[in-house]
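Report on the structure given below.
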There are 2 protein chains.
Amino acid sequence: MDTAPPSPAPPSPTTPGKTEGLRDRKRRETMQRIADTGLKLFMENGFEATTLDAIAAAAGIARRTFFYYFKSKEDVLLAWQGSGFVEAIGPALLQEPADQPPLAAARHCLLTLAARFETKTSIAADALLRSTETLRARKLAKMVDMERDLAQVMAERWPDRATEELRVAAMLAIGALRLAQEEWRHDHAAHPDTARPLAEHLKATFALLDRQVPSAT
Amino acid sequence: MDTAPPSPAPPSPTTPGKTEGLRDRKRRETMQRIADTGLKLFMENGFEATTLDAIAAAAGIARRTFFYYFKSKEDVLLAWQGSGFVEAIGPALLQEPADQPPLAAARHCLLTLAARFETKTSIAADALLRSTETLRARKLAKMVDMERDLAQVMAERWPDRATEELRVAAMLAIGALRLAQEEWRHDHAAHPDTARPLAEHLKATFALLDRQVPSAT
DNA sequence: GCGCGAATTCGCACTGAGTGCGATATCAAA
DNA sequence: TTTGATATCGCACTCAGTGCGAATTCGCGC
């Protein structure tokens with residue numbers, strides 16, 4: 001079906017090196033198939049109305065097997081969240097020149113990776129992600145995870161900076177991303193034709209951020 | 001049991017004005033009792049191990065009645081999140097002088113209200129809130145709600161400012177609160193005696209924020 | 001005081017998510 | 001080819017949450 005999304009993350013074991021054997025590929029394929037059919041059914045009937053049995057049946061596996069690959073129904077949808085963004089942000093940041101402040105580097109990274117959120121599937125998944133309170137919540141939690149990961153990577157790249165400082169920088173970056181994404185979504189909903197790309201909204205949000213901050217009393 | 005937390009928010013109807021009658025008080029009491037016994041049982045046995053039947057029984061109501069007051073088991077715990085903070089932030093901000101920038105005003109408000117997070121119950125509830133993935137997620141979602149409310153109040157107080165700007169300011173304030181709370185929690189876990197109050201951490205985080213921002217390229 | 005309508009309480013049956021357990025099958029490597 | 005790990009599956013069970021409708025209680029106008 002679609003081509004990019006759920007991370008290869010296996011159920012439990014961590015494949016260290018090696019050329020992946022037949023078994024690994026099969027696992028990958030199965031997980032992908034579940035994610036695909038899951039998203040498909042969610043889009044057709046909505047999240048809540050789609051039962052686990054339906055997904056399992058459509059994916060050609062037993063109900064029990066589903067839980068071998070995903071911990072919950074929500075996780076199937078969550079796997080599509082920002083398709084591959086989480087995996088890309090780290091490497092991208094490490095390629096940034098280190099002579100600029102962390103936040104500026106993060107800003108640049110986000111602008112580059114913004115396109116990942118603008119695919120049809122990403123948008124569809126995001127709409128589903130807003131159909132339920134818990135889904136919305138889990139999405140936000142995932143962004144906070146992303147924030148912590150980002151701070152982690154920053155700590156590698158700028159070892160001399162205090163970790164608290166980097167946590168703040170990461171919070172700003174991901175926070176800006178969240179707000180920009182929201183603006184962008186509204187923009188699209190209102191003017192589907194003349195809507196500006198996410199990167200534009202991101203720039204605008206960062207600009208506001210700069211003007212906002214010296215919170216001088 | 002405890003004295004402050006779950007908002008009087010009735011199941012569905014919105015009491016407009018009037019002096020509250022016997023009925024309203026009973027409803028309030030029942031909801032309070034459910035929240036109390038719920039938190040109590042959660043603290044004793046953990047969130048997941050506590051069944052709805054147990055809560056209902058301990059609160060002296062039928063299982064079905066529980067759902068008349070709360071939409072889910074999670075909501076019982078969520079009701080304790082930042083006890084009364086959400087209700088207090090709005091009025092507090094409206095009392096701030098309007099001649100300072102919104103973010104500075106928010107900063108000042110948060111410093112005043114920080115003590116609300118430092119009560120025994122608030123800390124206990126917060127620990128529970130981190131025992132499950134969905135709970136953690138819902139807590140974050142609630143903070144984002146708080147962020148939106150804050151921006152809303154700001155829009156009333158500073159009508160001349162653009163709403164996007166205020167959204168950013170609110171994001172910064174709540175984001176800082178979240179990070180500061182985290183630092184504060186770690187601080188307490190490590191040095192239960194010499195730990196600094198939340199307000200201190202909050203100041204520090206805001207200070208970092210100021211130094212962080214001009215994200216000049 | 002009386003009774004009407006709304007708010008509240010409750011029981012019952014049902015769906016569906018998620019888990020524990022253990023059996024079977026399949027594959028990779030020795 | 002044996003062997004151990006990985007993967008698939010079925011079954012039975014717990015528990016959260018919902019729909020439906022009955023019974024009760026309360027506030028209020030008459």
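Proteins come first, then strands; the chains are lettered A, B, ... in the order of their sequence lines, and each starts at number 1.
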Give the rounded distance in Å between these two atoms: [atom1] of [X] and [atom2] of [N].
X: A/D53; N: D/dG10; atom1: CG; atom2: P; result: 11 Å
X: A/F67; N: D/dT14; atom1: CZ; atom2: C1'; result: 13 Å
X: A/F42; N: C/dG16; atom1: CZ; atom2: C1'; result: 13 Å
X: A/D24; N: C/dA28; atom1: CG; atom2: C1'; result: 10 Å
X: B/E29; N: C/dT9; atom1: CD; atom2: P; result: 11 Å
X: B/L41; N: D/dC15; atom1: CG; atom2: P; result: 14 Å
X: B/R25; N: D/dT25; atom1: CZ; atom2: P; result: 18 Å
X: A/K73; N: C/dG16; atom1: NZ; atom2: C1'; result: 8 Å

Below the 4.0 Å mark, does [N] have OP1 or OP2 next to a side-chain nitrogen or oxygen of [X]?
X: A/T65; N: D/dC9; value: yes
X: B/K26; N: D/dC26; value: yes
X: A/R27; N: D/dT6; value: no
X: A/Y69; N: D/dT8; value: yes
X: B/T51; N: D/dT14; value: no

Which one, [options], comes nearest to the side chain of [X]?
X: B/Y68; options: D/dG17, D/dT6, C/dT9; answer: C/dT9
X: A/T30; options: D/dT8, D/dG10, C/dG18; answer: D/dT8
X: B/I61; options: D/dA16, C/dC10, C/dA7; answer: C/dC10
X: B/R64; options: C/dA17, D/dG17, D/dT18; answer: D/dT18

Quick one, [X] and [Y] - any side-chain contact, counting heavy atoms below 4.5 Å?
X: A/R185; Y: A/R130; answer: yes
X: B/I34; Y: B/T30; answer: yes
X: B/R178; Y: B/L140; answer: yes

- Message: Can you see whether B/E183 engages B/T205 through a side-chain donor-acceptor pair at a distance of less than 3.5 angstrom?
- Response: no
- Task: Using only heavy-atom distances, decide whether a donor-acceptor pair under 3.5 angstrom links the side-chain of A/R63 to the base of C/dG18.
- Result: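 Counting by modelled atom types and ignoring angles, a donor-acceptor contact under 3.5 Å is found here.
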- Query: Does the pair B/T50 and B/I55 meet the rule for a side-chain contact (heavy atoms from CB on, under 4.5 Å), with working shown?
  - Reply: CA-CA 7 Å; B/T50 304; B/I55 301 178; 3.8 Å; yes
